[in-house]
Amino acid sequence: VQLQASGGGLVQAGGSLRPSCAASGRTFSRYVMGWFRQAPGKDREFVAAINGSGGSAFSSASMKGRFTISGDNAKNTVYLQMNSLKPEDTAVYYCAAGGRYSSDYALYDYWGQGTQVTVSS
């Protein structure tokens, strides 16, 4: 399983970004896909997850309403729509694939390389 994240960048506070994660093969339909983030000096933090086969999704309570995860089965790609960005959202954002629908990063088996998101004040 290979995951390729892209679409990060530099944006001003209040702006939006939509990183994407392209997966190899039929990863999206076979696995739970998740987004995590890690800021310098901080632990890896759950953002959102989606069950490709069932279509259900959930997001971290602290980001709910601003961040939305979605997927395109045909393109084997997962997206993270991020709105109303804040400087504290600055982090490397990682996509991951796992067999369980969870916010626990330890349960995800495959990881992409990450994409940097920087929000300026």
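Residue indices begin at 1 and follow the sequence shown.
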Smallest separation among heavy atoms of [X] and [Y], with atom names:
X: Ala49; Y: Tyr101; value: O-OH, 3.9 Å
X: Ser121; Y: Pro87; value: CB-CG, 3.9 Å
X: Val119; Y: Lys86; value: CB-O, 3.3 Å
X: Ser16; Y: Asn83; value: OG-OD1, 2.9 Å
X: Gly7; Y: Leu17; value: O-CD2, 4.1 Å
X: Gly99; Y: Asp109; value: N-OD2, 4.1 Å

In Å, rounded to the nearest 0.5 Å, how long is the span from [atom1] of [X] to [atom2] of [Y]?
X: Ser6; Y: Gln113; atom1: OG; atom2: CD; answer: 8.0 Å
X: Tyr110; Y: Cys95; atom1: OH; atom2: SG; answer: 14.0 Å
X: Arg37; Y: Thr90; atom1: CZ; atom2: OG1; answer: 9.0 Å
X: Gln12; Y: Leu85; atom1: CD; atom2: CG; answer: 11.5 Å
X: Trp111; Y: Cys21; atom1: CH2; atom2: SG; answer: 10.5 Å

(message) I'd like to know whether CD of Gln81 has more than 12 heavy-atom contacts from other residues, nucleotides or ligands below 6.0 angstrom.
(response) yes
(request) Mark yes when over 12 heavy atoms from residues, nucleotides or ligands other than Asp43 sit less than 6.0 Å from its CG; otherwise mark no. (result)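 Incorrect, the count does not exceed 12.
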Determine, using the 4.5 Å side-chain heavy-atom cutoff (strictly less than), whether [X] and [Y] are members of one ILVMFWY cluster.
X: Leu3; Y: Tyr31; value: yes
X: Tyr93; Y: Tyr79; value: no
X: Met63; Y: Met33; value: yes

(request) Tell me whether the guanidinium CZ or amine NZ of Arg44 lies under 6.0 angstrom from the six-membered ring centre of Phe36 and within 45° of its axis. (result)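 Output no; distance or angle outside limits.
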Within the distance-only criterion (no hydrogens, no angle test), does the side chain of [X] pair as donor or acceptor with the backbone N or O of [Y] below 3.5 angstrom?
X: Asn51; Y: Val32; answer: no
X: Asn76; Y: Ala23; answer: yes
X: Ser102; Y: Arg100; answer: no
X: Gln4; Y: Gly112; answer: no

(request) Can you spot which of Val78, Thr68, Leu80 makes a side-chain contact (heavy atoms from CB on, under 4.5 Å) with Ile50? (result)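 Looking at Val78, Thr68, Leu80, the match for Ile50 under the side-chain contact (heavy atoms from CB on, under 4.5 Å) is Val78.
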(request) Flag the pair Met82 / Asp89 as yes when at least one side-chain heavy-atom distance between them is below 4.5 Å, and no otherwise. (result) no
(request) Answer yes or no: is there a side-chain heavy-atom contact under 4.5 Å between Tyr105 and Tyr94? (result)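 No - every pair of side-chain heavy atoms lies 4.5 Å or more apart.
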(request) In sequence, state the C-alpha distance, the side-chain angles, and the governing distance for Ser60 and Val47, and then conclude on side-chain contact (heavy atoms from CB on, under 4.5 Å). (result) CA-CA 5 Å; Ser60 167; Val47 176; 5.6 Å; no
(request) Would you check, one step at a time, whether the test ring pair (Phe, Tyr, Trp, His ring centres under 6.0 Å) holds for Phe58 with Phe46? (result) CA-CA 10 Å; Phe58 75 110; Phe46 171 73; 5.0 Å; yes
